[in-house]
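Just so you know, these numbers come straight off a predicted model, no measurement behind them.
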Amino acid sequence: MSGFAHVAIDGPAGSGKTTVARALARRTGTLYLDTGAMYRAVALLVLRAGADAASEAAVVALARARPVRVELDQSSPLGFRISAGDQQLGDELYQNDVSRLASVIAAHPGVRELMVERQRAIARSGPIVMAGRDIGTVVLPDAPVKVFLTASLAERVARRRADLAERGTAVDTAALCAELEERDRLDASRAVAPLRPAPDAHTIDSSGLTVAEVVERIVALMEAGAAT
Ligand code: DC
């Protein structure tokens, strides 16, 4: 299923994977998808419908009734266009309440099944850099290049804070730290597709590295893979 230029980038919240994935896609002229946005879109649906996020059946019914669709387009603000049902979605996907709910709904196997099916269909369309939590382990297990991106908690908190500030939301550092730890816990402890590196993933600690430096390390891995 995975062709030559499929790159899987997984890692915890705030590790910089979406920024790196997008920059890498630009650098290598491939497509890019942040799969977290798809789970966020389902979380937003749940929030807007006032549905019970803990009920797998309710969340799956919503996700089936208002399918999440993605169109890859590097020139759009997110690097892809995303909609749920007939609603185009954007910055609202990155609000804090959506982040919180996304970890809850992402633990439902039925939700993951729907998302993974779509992500694999997208990957079949050609070379792509895909960022998420389970890309190397579940979505594209045959991807020739897999990266597990980490960063210290302090750095991840600082990055999230800067991200949110850019979107006009001020948050308390201690609260953000507790929230990231809780999301890590939920993402890593769920029964289905928990956050963990694939056995053949290269772990890169991005603390203290610039985006460009991380991108170059991944390009080197791609070139090394192509040479063997
Ligand atoms: O990367 P992010 O913070 O935008 O992801 C939002 C949530 O979606 C996060 O709590 C974990 C979940 N997620 C997932 O379970 N699997 C993925 N491939 C991507 C994200």
Side-chain angles (χ1 to χ4, degrees), residues 1 8-18 21 33-64 66-68 70 82 84 89 93-123 130-143 146-153 156-157 159-160 175-201 203-206:
M1 155 180 331
I9 303 185
D10 293 300
S15 58
K17 61 188 181 302
T18 53
L33 177 63
D34 163 27
T35 58
M38 297 172 72
Y39 292 93
R40 286 171 180 273
V42 175
L44 191 63
L45 280 178
V46 168
L47 204 65
R48 287 185 175 166
D52 178 8
S55 160
E56 176 169 9
V59 180
V60 169
L62 252 182
R64 280 192 191 284
R66 317 269 319 270
V68 173
V70 172
I82 181 161
L89 307 172
L93 292 174
Y94 296 90
Q95 287 161 1
N96 240 6
D97 48 352
V98 177
S99 304
R100 225 169 289 136
L101 211 58
S103 313
V104 178
I105 62 92
H108 296 314
V111 173
R112 304 202 67 82
E113 219 172 276
L114 285 176
M115 298 301 122
V116 169
E117 199 179 287
R118 269 168 225 161
Q119 289 154 11
R120 286 183 178 156
I122 291 167
M130 210 177 259
R133 301 291 192 293
D134 61 340
I135 310 305
T137 51
V138 175
V139 181
L140 303 175
D142 300 330
K146 298 179 186 176
V147 172
F148 194 78
L149 202 59
T150 61
S152 67
L153 183 61
R156 295 194 290 126
V157 168
R159 286 178 189 163
R160 260 298 134 118
L176 199 53
C177 187
E179 221 164 81
L180 273 187
E181 281 187 303
E182 173 62 5
R183 287 181 59 202
D184 286 352
R185 193 188 62 74
L186 285 174
D187 292 341
S189 66
R190 67 178 172 232
V192 177
L195 171 69
R196 70 166 62 115
D200 52 345
T203 296
I204 298 178
D205 184 344
S206 70

S.K.: Answer yes or no: is there a donor N or O on one side and an acceptor on the other, between the side chain of His108 and the main chain of Ala53, under 3.5 Å?
M.R.: yes

S.K.: If you compare all heavy atoms of Ile82 against all heavy atoms of Ala41, which two are closest, and at what distance to 0.1 Å?
M.R.: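 What the structure gives for the nearest pair is CD1-CB, 4.0 Å.
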
S.K.: Any side-chain donor paired with an acceptor under 3.5 Å for Arg156 and Ser15?
M.R.: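 Note: Arg156 and Ser15 side chains miss the donor-acceptor criterion.
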
S.K.: Can you find a pair of side-chain heavy atoms, one from Met38 and one from Leu33, that are under 4.5 Å apart?
M.R.: yes

S.K.: Kindly compute the distance separating OG (Ser103) from CD (Glu179), expressed to the nearest 0.5 Å.
M.R.: 9.0 Å

S.K.: What heavy-atom pair brings Leu176 and Val157 nearest, and what distance separates the two atoms?
M.R.: CD2-O, 3.6 Å

S.K.: So how far is it from Asp97 CG to Leu44 CG, rounded to the nearest 0.5 Å?
M.R.: 8.5 Å

S.K.: Indicate the atoms forming the closest heavy-atom contact of Thr137 with Pro141, along with that distance.
M.R.: O-CB, 4.1 Å

S.K.: When you compare the side chain of Val59 with that of Glu56, does any pair of heavy atoms fall below 4.5 Å?
M.R.: no

S.K.: Hey, which of Val42, Val111, Leu114 is the one that makes side-chain contact (heavy atoms from CB on, under 4.5 Å) with Val68?
M.R.: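 Going through Val42, Val111, Leu114 one by one, the side-chain contact (heavy atoms from CB on, under 4.5 Å) with Val68 is satisfied by Val42 alone.
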
S.K.: With rounding to the nearest 0.5 angstrom, report the CD1 to CD1 distance, Ile204 to Ile9.
M.R.: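 The CD1 atom of Ile204 sits 8.0 Å away from the CD1 atom of Ile9.
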
S.K.: Do you know which two heavy atoms are closest between Ser99 and Tyr94, and how far apart they sit?
M.R.: OG-O, 4.2 Å

S.K.: Looking at CG of Leu45 and CZ of Arg66, how far apart are the two atoms once the value is rounded to the nearest 0.5 Å?
M.R.: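 Here the rounded value is 5.5 Å.
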
S.K.: Counting neighbours of CD on Glu117 that are heavy atoms of other residues, nucleotides or ligands and sit closer than 6.0 Å, is the number greater than 12?
M.R.: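 It does not: Glu117 CD has 12 such atoms or fewer within range.
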
S.K.: Mind checking whether Leu153 and Glu181 have side chains closer than 4.5 Å, heavy atoms only?
M.R.: yes

S.K.: With a 3.5 Å distance limit and no angle check, can you tell me whether Arg120 reaches the backbone of Val139 through a side-chain donor-acceptor pair?
M.R.: yes

S.K.: Just how far is it from atom CZ of Arg40 to atom CG of Asp34, taken to the nearest 0.5 Å?
M.R.: 7.5 Å

S.K.: Closest heavy-atom contact between Leu101 and Ala43?
M.R.: CD2-O, 3.5 Å

S.K.: When rounded to the nearest 0.5 angstrom, what is the spacing between CZ in Arg196 and OG in Ser189?
M.R.: 10.5 Å

S.K.: So which of Asp10, Asp200, Asp134 actually passes salt bridge (charged side-chain N to carboxylate O under 4.0 Å, His left out) with Lys146?
M.R.: Asp200

S.K.: Just by distance, do the side chain of Arg159 and the backbone of Gly14 share a donor-acceptor pair under 3.5 Å?
M.R.: yes

S.K.: Within the distance-only criterion (no hydrogens, no angle test), does the side chain of Arg112 pair as donor or acceptor with the backbone N or O of Ala107 below 3.5 angstrom?
M.R.: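 Side chain of Arg112 to backbone of Ala107: no pair is present.
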
S.K.: Can you name the nearest heavy-atom pair linking Arg190 to Ala193, along with the distance?
M.R.: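 Closest approach of Arg190 to Ala193: NH2-O, 2.8 Å.
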
